[in-house]
Asks: 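Dropping the structure in here first, questions after.
The model shown is predicted, which means the values in this text are computed figures rather than measured ones. The figures here come from the full heavy-atom set of this structure, side chains too, leaving out hydrogens, waters and symmetry mates.
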Amino acid sequence: MNIHWLQFITMLSNNAVENSTKNHDFISVEERESFEAFLSYLWKNYGVNFTDYKRHSLMRRVGQRMKFVGISSYKDYIEYIKAYPEEPKALFEFLPVNYTHFFRDAETWDYIATQVIPQILDNKKSDDLIKVWSAGCASGEEVYTLAILLIEALGVEQFNQQVRIYGTDIDPEAIELARQGRYCKNKIMGVPPAFRERYFEKIDQNYIFRKELRQPIIFAQRSLLDDAPISKVDLLVCRNTLIYFNIRGQNRVLYRLHFGLKDTGFLVLGNQEKPNSGIDNIFFSTFSQKHRLYNKLSISYSAHQLIEAFQQRKPREL
């Protein structure tokens, strides 16, 4: 929201914004209100909702972009955006840089291959659909990693018949890159040589995931905070995305992930993420703490939780 958001461009920031955002106590009421008005403008005019993102880091990054274009106030930045229609796109591209690679945290992928996927398959008939979701998939490396592991477990024919893998991200350009399945040599380094030979076609200096293996793979632009979750998922991978949301945002996403999983489903989070932080009930049990793997617990939602997770939100009026 995986929003999906793992490394950010670093630049010298506007000193006023930088200093004010090191500690929430140093942010004046006036500056807070001005920044919230700026975010409401983005939401209302461009449909990008930052309500549940951590404020100090978001303010710092917006401040970096403002310094780059020579703007010192949020009000003036709104006027700059109105005058230069290409600026919103540049801002949204500047905020998150989708960092990921194939078989990131190799031990976790080995554990998924040897302990999780076999358990999922043991509970399936040969004609039962297997649904996998990579939430916050960035440029697709995680999706194709999942595809490789499932093909290894099922074979190509059964994989094409039985599996659906969904890769979603809030960034439309990242989704377009993922659909192409084209990666340079540096991007492909994490793929074992045998898999590289088997699953990729080399054209010029690029490696392209074989088209005949892409039939079960679906990429789509979706927001973890605002779009409906994919349902009845057996394996849901959402790594290093929750860390960019505040507690309210994390709760909203976790409710939705829980809702999307089957009762027997598995959730995979990043190394610094926990599945029950701030939630007023325990929604997940630990399958492997070391690998941040969790099982869904069957829980009835309260009215408050349903509202928190699924109510439609509107930007405030300026």
Side-chain angles (χ1 to χ4, degrees), residues 1-10 50 52-58 60-61 92-112 116 132-146 149 165-171 173-175 177-178 183 186-187 189-191 219-227 229-230 233 235-258 260-261 265-279 283-284 286-294:
M1 228 195 96
N2 145 358
I3 34 196
H4 232 56
W5 315 77
L6 306 176
Q7 184 181 15
F8 290 86
I9 295 174
T10 54
F50 290 109
D52 294 320
Y53 286 77
K54 292 178 179 176
R55 283 301 182 262
H56 65 287
S57 56
L58 191 59
R60 184 179 68 250
R61 289 158 192 150
F92 300 144
E93 290 178 354
F94 175 84
L95 293 178
V97 173
N98 295 305
Y99 173 75
T100 185
H101 56 78
F102 287 94
F103 292 94
R104 186 182 186 190
D105 302 320
E107 286 189 9
T108 296
W109 288 110
D110 182 65
Y111 193 84
I112 291 172
V116 176
V132 179
W133 180 14
S134 172
C137 70
S139 48
E141 289 92 331
E142 189 172 83
V143 172
Y144 294 117
T145 299
L146 287 162
L149 296 185
I165 302 177
Y166 300 87
T168 65
D169 199 279
I170 196 171
D171 184 347
E173 293 195 4
I175 288 296
L177 289 173
Y183 302 96
N186 289 340
K187 289 280 190 179
M189 292 300 291
V191 180
F219 289 105
Q221 181 188 2
R222 294 174 85 115
S223 165
L224 287 174
L225 288 165
D226 295 309
D227 292 322
I230 295 167
V233 174
L235 175 60
L236 202 169
V237 181
C238 183
R239 301 201 298 166
N240 305 306
T241 299
L242 292 177
I243 57 175
Y244 298 111
F245 301 129
N246 59 28
I247 290 297
R248 180 181 175 183
Q250 290 180 18
N251 285 353
R252 186 173 174 90
V253 171
L254 285 166
Y255 292 147
R256 288 163 171 254
L257 299 185
H258 184 272
L261 278 169
F266 292 89
L267 172 67
V268 188
L269 296 178
N271 290 334
Q272 304 301 316
E273 297 169 325
K274 298 179 181 179
N276 298 304
S277 298
I279 291 183
F283 273 35
F284 301 92
T286 300
F287 187 77
S288 171
Q289 182 63 35
K290 178 181 179 180
H291 302 292
R292 293 297 192 271
L293 261 149
Y294 305 92

Asks: Heavy-atom distance under 4.5 Å between the side chains of L242 and L269, does that happen here?
Replies: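 Yes - at least one pair of side-chain heavy atoms lies under 4.5 Å apart.
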
Asks: Does the side chain of I165 reach to within under 4.5 Å of the side chain of S134, using non-hydrogen atoms?
Replies: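 I165 does not reach S134 side chain to side chain.
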
Asks: Under a 4.5 Å cut-off applied to non-hydrogen side-chain atoms, are E142 and V237 in contact?
Replies: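 Yes. Closest side-chain heavy atoms under 4.5 Å.
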
Asks: Between D105 and R239, is a salt bridge (charged side-chain N to carboxylate O under 4.0 Å, His left out) present by the stated rule, with each step listed?
Replies: CA-CA 11 Å; D105 302 320; R239 301 201 298 166; 3.2 Å; yes

Asks: Step by step, work out the side-chain contact (heavy atoms from CB on, under 4.5 Å) result for V268 and I112.
Replies: CA-CA 9 Å; V268 188; I112 291 172; 4.2 Å; yes

Asks: Just to verify, what does T286 make a side chain to side chain contact (heavy atoms under 4.5 Å, CB included) with, not counting sequence neighbours?
Replies: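 With sequence neighbours excluded, T286 shows a side chain to side chain contact (heavy atoms under 4.5 Å, CB included) to Q289, Y294, given in chain and number order.
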
Asks: Quick check: closest heavy atoms across F283 and N276, and the distance to 0.1 Å?
Replies: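 Heavy atoms only, the tightest pair is N-OD1, 2.9 Å.
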
Asks: Do the non-hydrogen side-chain atoms of L257 and W133 ever get within less than 4.5 Å of each other?
Replies: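 Yes, their side chains come closer than 4.5 Å.
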
Asks: Does a side-chain N-to-carboxylate-O contact under 4.0 Å join R256 and D227?
Replies: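 No, this pair does not count.
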
Asks: Are L293 and L267 packed together at the side-chain level, in the sense that at least one heavy-atom pair is separated by less than 4.5 angstrom?
Replies: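 A side-chain contact under 4.5 Å is absent here.
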
Asks: What are the two closest heavy atoms between F103 and T145, and how far apart are they?
Replies: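 Closest approach of F103 to T145: N-OG1, 3.3 Å.
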
Asks: Evaluate the side-chain proximity of Q250 to V253: yes if any heavy-atom separation is below 4.5 Å, no if none is.
Replies: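 No, their side chains stay 4.5 Å or more apart.
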
Asks: Ignoring hydrogens, what is the shortest heavy-atom contact between D171 and E173? Give both atom names and the distance.
Replies: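 Where D171 meets E173 most closely, the heavy atoms are OD1-N, 3.0 Å.
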
Asks: My understanding is that only residues two or more places apart in sequence, or in another chain, count here; which of them pass side chain to side chain contact (heavy atoms under 4.5 Å, CB included) with L177?
Replies: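 Result, side chain to side chain contact (heavy atoms under 4.5 Å, CB included) vs L177: S139, Q180.
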
Asks: Between F287 and Y111, is any pair of side-chain heavy atoms under 4.5 Å apart?
Replies: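 Touching, per the 4.5 Å side-chain cut-off.
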
Asks: Report the residues that fulfil ring-ring contact (aromatic ring centres under 6.0 Å, His included) with Y144, sequence neighbours left out, ordered by chain and then residue number.
Replies: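 ring-ring contact (aromatic ring centres under 6.0 Å, His included) list for Y144, sorted by chain: F209, F219.
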
Asks: Can you check side-chain contact (heavy atoms from CB on, under 4.5 Å) on Q221 and T168, steps first, answer last?
Replies: CA-CA 5 Å; Q221 181 188 2; T168 65; over 6 Å; no

Asks: What's the spacing between D110 CG and L149 CG if we round to 0.5 Å?
Replies: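 Between atom CG of D110 and atom CG of L149 there are 9.0 Å.
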
Asks: Salt bridge check, E141 against R104: does any charged N sit closer than 4.0 Å to a carboxylate O?
Replies: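 Salt bridge flag = no for E141 with R104.
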
Asks: Taking the side chain as every heavy atom from C-beta outward, state whether K187 and H101 have any atom pair closer than 4.5 Å.
Replies: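 Heavy-atom side-chain distance check fails, nothing below 4.5 Å.
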
Asks: Give the minimum heavy-atom separation between A138 and D169, together with the two atoms involved.
Replies: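 Reported closest heavy-atom pair: N-OD2, 2.9 Å.
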
Asks: Check L224 against C238 and note the closest heavy-atom contact, atom names and distance.
Replies: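 What the structure gives for the nearest pair is CD1-SG, 4.0 Å.
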
Asks: Just do the side-chain contact (heavy atoms from CB on, under 4.5 Å) check on H258 and I279 with the steps written out, would you?
Replies: CA-CA 12 Å; H258 184 272; I279 291 183; over 6 Å; no

Asks: What is the distance from atom CZ of R292 to atom CG of N240, rounded to the nearest 0.5 Å?
Replies: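 It is 10.5 Å, given to the nearest 0.5 Å.
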
Asks: Which atom names give the shortest non-hydrogen contact between G167 and I175, and what distance separates them?
Replies: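 What the structure gives for the nearest pair is O-CD1, 3.9 Å.
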
Asks: In Å, rounded to the nearest 0.5 Å, how long is the span from OH of Y166 to CZ of R222?
Replies: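 It comes to 9.5 Å.
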
